[in-house]
Every structure is written in structure tokens, then in C-alpha cells.
There are 2 protein chains.
Amino acid sequence: MKNILFDFISKYVSLSEEEKNVLLSLDLFHTVKKGTILLEEGQKSNDSYFVLKGCIRTYYIIDGDEKTTAFYTELDAYTPHCVINKAPSEYFISCVEDGIILIADENMSADVNSKFPKFEIMCRKLSEELLAKKQTDFDEFKTSSPEQRYLNLIQKRPDLVQRVPQHQLASYLGIKPQSLSRLRARIIEKKN
Amino acid sequence: MKNILFDFISKYVSLSEEEKNVLLSLDLFHTVKKGTILLEEGQKSNDSYFVLKGCIRTYYIIDGDEKTTAFYTELDAYTPHCVINKAPSEYFISCVEDGIILIADENMSADVNSKFPKFEIMCRKLSEELLAKKQTDFDEFKTSSPEQRYLNLIQKRPDLVQRVPQHQLASYLGIKPQSLSRLRARIIEKKN
DNA sequence: AAGATTTGTTCACTTAAGTTAAGAAATACT
DNA sequence: AGTATTTCTTAACTTAAGTGAACAAATCTT
């Protein structure tokens with residue numbers, strides 16, 4: 001797990017042994033069980049996540065039912081909105097599978113960032129990159145139909161379709177579970 | 001214009017006079033005419049934008065017609081994806097109105113960031129904030145209907161509905177111009 | 001293993017968006 | 001000012017998503 005983390009970091013900055021040891025002294029790694037709720041609606045939090053293994057999802061409860069809006073899997077980093085704006089969370093975060101998650105408290109990060117400017121640089125680069133990518137994903141979503149979005153998902157994140165329940169995928173695609181079922185049947189129909 | 005910029009920056013870090021002077025020495029401010037194209041599809045660029053006055057939009061050309069996916073107005077900062085991934089742009093950026101735009105070349109930013117860690121911190125905070133907000137906007141988009149999205153837009157960015165052509169708004173809302181017309185008629189109908 | 005719950009599919013019906021086309025209104029152009 | 005172009009609306013028709021319900025399949029639970 002350490003290696004996975006350091007390999008990831010090395011894409012942004014190169015760490016000395018000392019810096020690596022500082023990170024390892026922080027008790028960042030957590031094993032989580034499927035179904036564990038990491039954050040609840042209404043709750044405040046200072047935790048950012050980095051998925052080493054497994055899958056976590058964010059979901060809202062609107063009119064009584066779940067709307068899943070995002071999945072984070074291996075090597076995905078994620079800071080919830082409530083950490084940034086210091087307000088109660090508007091959504092839940094839970095674990096789709098058993099996994100290993102790195103959890104970094106904001107005070108921790110601030111500490112490390114002020115001691116090692118390298119981390120500050122890494123965080124900036126990573127955020128800039130994720131922001132650009134998020135915007136592109138959003139663009140793609142806006143400019144395509146549910147069917148195109150599903151086909152696109154099969155291409156870009158084929159694992160998700162396997163590891164995540166259909167009804168969660170449906171809201172991730174901005175539609176109802178029944179529509180996803182129908183849409184899939186339609187695609188198979190077209191192939192023949 | 002200088003004051004607008006420094007007021008904005010002061011929300012993230014406090015600058016010394018020296019640091020302010022460094023910024024002002026960089027020839028960042030540009031007046032732009034409505035219709036000016038800042039970036040074309042296929043083109044490479046290192047420029048980030050900060051809108052002091054006016055409105056810029058990003059749009060794709062898909063099957064021959066424009067799909068507008070984002071608007072940036074007063075105090076919005078924006079770095080195109082092609083700057084981050086060093087690849088040719090997949091979309092255009094153009095000016096919706098006459099305006100004043102701050103344009104920062106990446107070399108410039110790198111220079112300033114390495115001389116003044118404060119800027120690095122500001123960029124990290126700003127990116128983190130924008131990323132969190134973008135995700136929330138995306139969530140909202142996914143979990144609502146075109147009509148809800150339009151009503152939401154009237155609440156949150158009422159200026160946009162005034163200053164931007166309907167057909168650009170339509171693709172921003174993920175629908176066709178005719179559907180936006182119909183949807184607006186439907187809303188007015190409901191009021192009576 | 002039996003029963004309960006969650007998950008996924010199908011169907012009939014409703015609602016709204018996509019499509020194509022025509023025309024009105026506003027804006028830009030010379 | 002008059003013409004051309006762009007922008008916006010309306011309408012009829014098509015297509016696909018939303019809704020509610022029933023059922024099948026898979027998965028917990030005990």
C-alpha cells in the first residue's frame with residue numbers, strides 16, 4: 001500500500017526518505033468494510049480521502065431516495081465540499097466495497113503543507129488537474145444522451161459497470177433504474 | 001481594475017506592496033471585444049483567464065453545431081483543460097461581451113509561484129474550492145430535470161439569462177433551444 | 001434451507017425532450 | 001433605411017425518459 005501511495009505521489013513531486021517517513025508516521029491508512037458510512041448528511045468533517053483499494057460513492061437523499069452522483073476508485077483523491085466550505089454536508093459518503101482508504105484530516109494536511117512546500121505544490125497540481133478533468137466530464141455529460149453516456153462509461157470505466165449496482169449507476173448517469181434497464185436492452189437489440 | 005483583482009486575492013492570501021508590484025509589472029490586463037476567440041479547437045495554449053469584466057464561454061462544435069458548456073463572468077478564474085494536459089484543445093473559448101480579462105501565461109505563473117510561495121497557496125486554495133463547487137454543480141445537474149435546472153439558474157445566476165443568447169443557454173442546460181423555449185412557455189403557463 | 005430484502009427487468013401509460021419546418025422578431029451590415 | 005443574418009418561438013410529429021406496478025432473480029439473514 002505504501003508503494004502504491006508513493007508511486008502516485010511521484011507523478012507530482014519527488015519525496016525524500018525523510019518526507020516519506022513523515023507521511024507514514026501519520027496513521028493515514030484505514031481498512032473499511034462494505035457499507036461503512038464515512039460521512040453523513042448534516043455532519044461536519046475535515047477529512048479528505050484517497051482510495052487505495054475499493055470504491056466509495058457520494059449520494060444525496062432526495063424525496064426519500066438515494067441519488068448517487070460520484071464514484072471514487074483506486075488512486076482517486078477526493079475532498080468533500082463540506083470540508084472546503086466548513087458547512088454541514090449535503091450528502092453521504094459510503095463504501096461500495098471492502099477496501100483500504102487513506103484519510104487525511106485537514107489539520108494534518110495544513111501541518112505537512114507548511115513544513116514541506118512540496119506537498120503544497122502537489123496539492124495544487126492535483127487540484128488543478130482534477131478540476132480540469134471534472135469540467136471535461138461535465139461537458140461530456142451535458143452534450144450527450146443517456147444512451148451515449150452509458151456507452152461512454154463502458155469505454156472509460158468498464159470496471160464500474162461490474163462492481164456497482166445498476167440503480168446506483170442509473171442516477172450516476174442522470175436517469176432512473178428502469179430507464180437504464182430499458183436502454184441496455186435497446187443497445188443489445190441494436191447489435192443484432 | 002487593480003483593486004478588483006487585489007480584493008479578490010485578499011480572500012485567499014494577503015499581499016505585500018512588493019508582491020502587488022510584481023503582479024502589476026506583468027502586463028496581465030487585456031481588453032477584449034465581443035466575439036473575440038481566445039482559444040480555438042485543436043490549438044495549444046498556456047493561458048489561464050480571470051474575468052474582471054464581461055463574459056466568456058467555452059463551446060464545442062459537434063456535428064457542425066455549437067454546444068456551449070460553460071460561462072465565466074466577473075471574478076471567475078478559469079484554466080482550460082488543454083493547458084493542464086498539454087494537448088490540443090477540444091473546444092473554443094470566446095467572448096460573449098466586450099470586457100477586461102486577465103490572462104496569465106503558465107510560465108509567468110510558475111515564475112511567480114516559485115518566487116512567492118503565497119501564490120502557490122492561493123492557487124491551491126482556489127483550485128480546491130473551484131473543484132468542490134464544480135462537483136456540487138455537476139451533482140445538481142444530474143439530480144434535476146431541465147425545467148428545474150432552468151429555474152435554478154434563474155435563482156443562482158439571473159444575470160446570465162439576460163446577457164447570454166437563449167440557444168447558448170439551452171446547451172448549457174443540456175437541451176435544445178426549442179426545448180428551452182417550450183419549457184419557458186410552460187413555466188409562464190403554470191404561474192397563471 | 002426458508003424467508004426477507006435488495007436488486008433488476010418488463011410492461012403499459014404519461015410526460016417531456018428531440019426533430020423538422022415555418023415564420024416572427026431582433027440585430028447586424030452596408 | 002433596407003437587406004441579410006441571427007435569434008427566438010410555435011407547432012406537429014417522433015422518440016425516449018419518467019412513473020407505477022408486477023414479477024423474477026440474486027443476495028442477505030437467521
Side-chain angles (χ1 to χ4, degrees), chain A residues 33-37 55 57 59 61-68 71 92 94-98 141-154 160-192, chain B residues 33-37 55 57 59 61-68 71 92 94-98 141-154 160-192:
Chain A
K33 284 268 167 227
K34 174 176 177 175
T36 306
I37 293 185
C55 175
R57 62 186 255 264
Y59 63 96
I61 293 190
I62 298 176
D63 296 333
D65 46 30
E66 287 185 10
K67 304 278 185 179
T68 298
F71 297 102
F92 298 78
S94 88
C95 302
V96 175
E97 305 168 348
D98 292 355
F141 192 94
K142 276 183 181 172
T143 57
S144 56
S145 67
E147 184 171 327
Q148 288 172 315
R149 297 199 289 254
Y150 177 70
L151 291 170
N152 188 41
L153 188 71
I154 291 175
L160 267 194
V161 184
Q162 301 307 318
R163 65 209 287 198
V164 160
Q166 297 289 322
H167 66 278
Q168 292 176 11
L169 266 191
S171 50
Y172 180 69
L173 294 169
I175 57 176
K176 303 284 160 176
Q178 299 93 317
S179 296
L180 179 55
S181 263
R182 176 168 42 197
L183 174 162
R184 297 174 82 213
R186 200 164 62 218
I187 289 169
I188 292 166
E189 185 64 26
K190 279 183 192 167
K191 280 189 191 158
N192 310 337
Chain B
K33 284 268 166 226
K34 174 176 178 175
T36 306
I37 293 186
C55 176
R57 62 186 256 263
Y59 63 96
I61 293 191
I62 298 175
D63 296 333
D65 47 31
E66 287 185 10
K67 303 279 186 180
T68 298
F71 297 101
F92 297 78
S94 87
C95 302
V96 175
E97 304 168 349
D98 293 355
F141 192 93
K142 275 183 181 172
T143 57
S144 56
S145 67
E147 184 171 326
Q148 288 172 314
R149 297 199 288 254
Y150 177 70
L151 292 169
N152 189 40
L153 188 71
I154 292 175
L160 267 194
V161 185
Q162 302 307 320
R163 65 209 286 199
V164 160
Q166 298 289 324
H167 66 280
Q168 291 176 10
L169 267 191
S171 50
Y172 181 69
L173 294 169
I175 57 176
K176 305 282 161 178
Q178 299 92 318
S179 296
L180 179 54
S181 264
R182 176 168 42 196
L183 175 162
R184 297 175 81 213
R186 199 165 62 217
I187 289 170
I188 292 166
E189 184 64 26
K190 279 182 191 168
K191 280 189 192 160
N192 309 338

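Naming convention: chains lettered A, B, ... in sequence-line order (proteins, then strands); numbering from 1 in each chain. In this text the structure is predicted, and so the values were computed from the model without any measurement.
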Original post:
Expressed in angstrom and rounded to an integer, what is the separation of A:Q166 atom CD from D:dA24 atom C1'?
Top reply: 15 Å
Subject >> d(CZ, B:R184; P, D:dC8) in whole Å >> reply: 9 Å
**OP:** For the residue pair B:Y59 and B:F92, categorise the inter-ring angle as parallel (less than 30°), tilted (30 to 60°) or perpendicular (more than 60°).
**Re:** parallel
**OP:** Using a cut-off of strictly less than 4.0 Å, decide whether B:H167 has a side-chain nitrogen or oxygen near OP1 or OP2 of D:dC8.
**Re:** yes
Original post:
For the pair made of CG in B:L169 and C1' in D:dT9, what is the distance, rounded to whole Å?
Top reply: 15 Å
Original post:
Just how far, in rounded Å, is P of C:dG8 from CG of A:L180?
Top reply: 9 Å
**OP:** Send over the distance from B:E66 CD to D:dT7 C1', rounded to a whole Å.
**Re:** 12 Å
**OP:** At under 4.0 Å between heavy atoms, which parts of nucleotides 11-30 of chain C does protein reach? Answer with one letter per nucleotide, 5' to 3': B base, S sugar-phosphate only, - none.
**Re:** -----SBBBB-------S--
**OP:** Identify the two heavy atoms, one from B:R149 and one from B:F141, that lie closest to each other, and give their separation to 0.1 Å.
**Re:** NH1-O, 3.1 Å
Subject >> Derivation of the side-chain contact (heavy atoms from CB on, under 4.5 Å) call for B:I175 and B:L183 >> reply: CA-CA 10 Å; B:I175 57 176; B:L183 175 162; 3.9 Å; yes
**OP:** Calculate the interatomic distance between B:Y150 atom OH and D:dC8 atom P; express it in whole Å.
**Re:** 11 Å
**OP:** Kindly write out the residues that satisfy side-chain hydrogen bond (donor to acceptor under 3.5 Å, both in side chains) with A:S145, not counting sequence neighbours, or none if the list is empty.
**Re:** A:Q148
**OP:** Kindly point out which of C:dT9, C:dT7, D:dC8 is positioned nearest to the side chain of A:S181?
**Re:** C:dT9
Original post:
Quick check: does any side chain N or O of B:S171 sit under 3.5 Å from a backbone N or O of B:K67, one acting as donor and the other as acceptor?
Top reply: no
Original post:
Should B:Y172 and B:V164 be marked as a side-chain contact (heavy atoms from CB on, under 4.5 Å) after you check the CA-CA gap, both sets of side-chain angles, and the distance that decides it?
Top reply: CA-CA 11 Å; B:Y172 181 69; B:V164 160; over 6 Å; no
Original post:
Can you check the A:Q162 CD to D:dA26 P distance for me, whole Å?
Top reply: 15 Å
